[in-house]
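Please read the structure below before turning to the comments.
Just follow the structure's listing: the first ligand is 1, and inside any ligand the first atom is 1.
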Amino acid sequence: MKQPVVLLTGFEPFGGETMNPSAYAVRALHGRTLCGCRVEGVVLPVAFGISLVELRHELRELAPVLVIATGQAGGRAEISVERLAINLDDARIPDNRGAKPVDQAVVEGGPSAYWSTLPIKSIVAALHDRDIAAGVSQTAGTFVCNHVFYGLMHALATAAPSVRSGFIHLPYSSDQAARHPGASGMPLDTMITALEIAVATSLRVLEDVAIAGGAES
Ligand code: PCA
């Protein structure tokens with residue numbers, strides 16, 4: 001029998017950085033077997049539009065049983081398990097190909113938002129059990145990460161609704177953080193372990209746990 005595939009995506013560097021921890025982590029896990037599944041690690045361009053063309057191609061080619069997209073959120077100190085993808089592109093900086101969409105839909109006529117279908121609270125709890133700093137995040141922003149998150153959820157909702165998927169933002173690596181005064185980084189090895197835990201939890205936990213995790217505004 002063919003081995004089921006877990007697709008992990010990361011992004012190329014952007015915003016003046018020379019590396020992106022998400023690309024490093026998914027490349028490190030590429031080819032590994034986790035919980036009986038083969039991991040495919042794919043690095044996407046930080047570019048509106050083409051990132052989704054490449055992602056949809058991988059979804060068709062690989063027919064994964066689980067998809068976790070990842071990206072760098074340099075301002076954050078913890079692993080952020082995203083809850084909600086919104087149908088909005090609103091870029092503060094140009095993407096790596098110079099595009100800077102403002103107030104545009106990711107998918108014209110698509111729903112306003114999609115919930116992650118990963119067991120997000122269980123993933124955070126499993127990371128805490130291993131002493132890895134993590135939390136649920138209510139928004140992946142409105143740049144290319146949210147674009148890919150929304151496009152991923154939309155593609156699967158329409159073509160393969162039983163496939164679980166979501167998005168995880170990673171902090172700067174320790175080396176990157178050293179170049180950004182005030183920023184907290186995380187060792188790359190810890191982030192790789194965190195993704196392994198996220199995959200294992202997503203494959204094992206069918207019903208997410210209800211742990212209070214909201215935030216007051
Ligand atoms: N982070 C950006 C895009 C690519 C990445 O790694 C974001 O959060 O949108």
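- Here the OH atom belonging to Tyr24 is positioned 14.0 Å from the OG1 atom belonging to Thr70, to the nearest 0.5 angstrom.
- There is no side-chain donor-acceptor pair under 3.5 Å between Gln138 and Glu82.
- For an aromatic pair to be called close, the ring centres must be under 6.0 Å apart, and His169 with Phe167 satisfies this.
- For ligand 1, the protein residues within 4.0 angstrom (heavy atoms only) are Phe11, Phe14, Asn20, Val46, Gly71, Gln72, Phe143, Val144, Cys145, His169.
- In this structure, the ring of Phe149 has its center no less than 6.0 angstrom from the ring center of Tyr114.
- No side-chain N or O of His147 forms a donor-acceptor pair with one of Gln104 less than 3.5 Å apart.
- A side-chain hydrogen bond (donor to acceptor under 3.5 Å, both in side chains) check over residues 91-102, counting only residues at least two apart or in different chains, returns the pairs Glu12-Asn96.
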